[in-house]
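For clarity, every value in this text was computed on a predicted model and none was experimentally measured. A, B, ... follow the sequence lines: proteins, then strands. Residue 1 opens every chain.
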Amino acid sequence: MREIYLALIILIAAGTMGAWAAEDDGVSFDEFSMNLGDRVDIGDLRLELVDIQSVRDGLTVIRVSEKAGKFDEQRILLVNSPNNFKGGSEDGGLTVTVVNIFDEESAKVRLEYPSSMGTPRKRASETPAASRAAPNLIVQKTLDSQRVSVGDEVKVSIIVRNIGTDTATNLQIYDQPPLPEFAYLAGYPPKLRSELGPGESDSSAYVMQAVKAGLVKVPSIEVRYADSKKKARSNNSESLEITIDPPRLPNLEVYLSPTTQVKPGETASLNLTLHNSGQAAATRIEVRSEVRPQDIVLTGLDRSFFEILPGKSESYSGTVRGERSGNYTVTVEISYSSGESTNVKRVTADVLVLEREYKYLYYLLVIPIAIVVGWIYKRHKQYKY
Amino acid sequence: MLNVLMLGVGQCGNRIMDAVNKEAFGGSKLAKYYSKQKFPSRVETVALNTAVNDLKELKFTAAKDRLHVPNLHGVGANRNKGKQGFWENQDMIMEEIEKRGDFDIAFVMTSVSGGTGSSFSPLLIHELKSRYKDITIVPIAVLPFREEGTIYLQNSAFCLREMMEVEADGMILVDNQYLKRCSGDIATAYDKINTMVAQRLLFLIESLDSEMLSVTDLGDFKTVMSGGLRMGTLGFYQADKSNSSVRSAIKSSLKEIGLLYPANVDAGEAGRAMIVIQAGREHLDVDEITKEIETLTASIGHVFKGIVVKKGAPKVLSVLSLERVPGVVELYEKAKWAIQEERERKDRAKNELSEAFEHINDLEEIY
């Protein structure tokens, strides 16, 4: 058993020794956070972060030079694109990759090199980094309401303020393409001054109307500009959300006296109330009435109103005059406009014209008197010569 | 049922007939507006007059029963004018009567002294006699107040004679002069007399047409009226509770005070009689009635009796034919005097006028 363990240990040790030998012939890498002017020395080669041309575009300027030689090469590197200098790490050179650009003065660089070249050493820039004059725009995009209804108007305000130390030139606003949930009424596309000096600000606004319900993500607005060195820069606002509710509509509720009784030959009132319980004004309201059968006279219910505001009511009365006893149905039709469409509502009421009351007791008194008077008159005529 | 025609001729006859109609209504002034006439038989009434105002005065006679003889506005008590008017309108008058049907008895009520009544009645009776063969006609002749004037007296005399000559079936006399004692003033007396006559005539008609315990009929009546002078009268008495004796009631109905023309029954002035007694059963003692009738027969001659059972105290109607009419005789004496007086007055006036004219004899007008 001891022999087996010894053999395994020997095998493992032999493997490890082989790997070290391979590393001696392989490629190593290290990553460095570098400011402008910082250098990394390895072997005879030196790597220097010369400039960061565009954070937005991910462009940096890297210089690789040989200490005592003729090699000196400066390239613009794109973020995450490995670049081989002097044949690259596979051929005894360096392979440089800009992993990340922190800002306009720093970036993270990945350096691949042959292991045989030794250990890279970073050296900070001997000269203090001169503060660079650069514009810096703060872009704000705001909505006057985060919750609207279809048909409502939304005002979008854009404020751009240069908090940098240089003038921003060639300002251009990139608002994301018009949203299908809105109709753009005025002020779109927004415009800003082409230049903004340090500390200056500008604003613009446009108005749009919600046309489709739903939760809408309003994309950020991007302001592109250039500094005095023509370096392209850009800043974005934060994205926003707005909820669009279904359109606000009027809702006319109609109350009509349900049942009315009227004596023959007399009149009774029919009370009609129009109440707008909706969220929008009802307009062009027309009230038309009719009665079936047409043996009673109905007046005063036909009217027109220009508008009834939400929460408001209109009440009035019409009259019915009963002529012949029976049951009648009064139908009132109310049409009103809710903006895009016309709505119609109908209500009915029953009118009962009572049977004529014959005052039989009265006749019981009158008839005998009439008979007596008639009889006396007849007798008078018989005896009048 | 008897068919009775009652003709009121002239103002007096009209008023008596109006009283008959009133009594048929029950005597109330307003009964004509609510009640029916209760005639015991079928009675037709006709008021006949030449003066339209007299017809207008009537209150209880239906308008259709008032017959105005046209073109005459009263005859002014002139019987000759009256007769002329009757003859000119005879067809119209008789047609108006005939269309009322056939009749068993007719009462012609008239004053014998006036113009229309005294002149129309005899002619009318004659005409009725000729057209209705079996009719019994009894004039109700009203004698005037004697002091009413000479023309009325002579009219009475001639009218009475003519009515007797046209062979009426007797005549019932009503003497205003005698009955005037009923009331103080003339107007009230007339009303009372008319009412008395009307009540007795209705009683008479009822007695001729009723189911009776003891029957009197039209034949009996005719027999009574044909007795004596064919002139008669009616007596009436209604007993009261204090004296409800039927015998006493019979006696009282024959006393002068109960008669329409004064007659002394006890003295034998009545020739025949018909006594109609109406009373409740409790008052109808047939023995007493028979005894009283027998007593009367001793002085009157023949007495028909009729008994009607009807609730109430005894009421007795007596129909008498007279054998003596001293009042009528006296009237004729006065009429004679009146005629002479009238003639003398006329002659005197004529002479006076002639003497006046003589003043201008042999003279001519000079202009």
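Of all heavy-atom pairs spanning A/Lys384 and B/Ala63, the tightest one is O-CB, 3.3 Å. B/Tyr33 and A/Arg379 get closest at one heavy-atom pair: O-CG, 3.8 Å. Annotation for A/Trp375 and B/Tyr34: closest pair NE1-CA, 3.7 Å, computed over non-hydrogen atoms.
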> Under the side chain to side chain contact (heavy atoms under 4.5 Å, CB included) criterion, do A/Tyr385 and B/His68 qualify, and how do the steps go?
Replying inline: CA-CA 10 Å; A/Tyr385 183 75; B/His68 177 229; 3.2 Å; yes
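Put simply, the side chain of B/Arg66 gets close to the backbone of A/Tyr383: a donor and an acceptor are under 3.5 Å apart.
Residue A/Lys155 places its NZ atom among 12 or fewer non-hydrogen atoms of other residues, nucleotides or ligands, all under 6.0 Å distant. Heavy atoms from other residues, nucleotides or ligands lying under 6.0 Å from OH of B/Tyr152 number 12 at most. The number of heavy atoms from other shown groups lying within 6.0 Å of CZ (B/Arg100) is above 12. Atom NE2 of A/His275 is surrounded by more than 12 heavy atoms from other residues, nucleotides or ligands within 6.0 Å. Residue A/Lys212 qualifies as open at atom NZ: its count of foreign heavy atoms under 6.0 Å is 12 or below.
Summarising the geometry, atom NZ belonging to B/Lys64 is positioned 8.0 Å from atom CD belonging to A/Gln382; distances are rounded to the nearest 0.5 Å.
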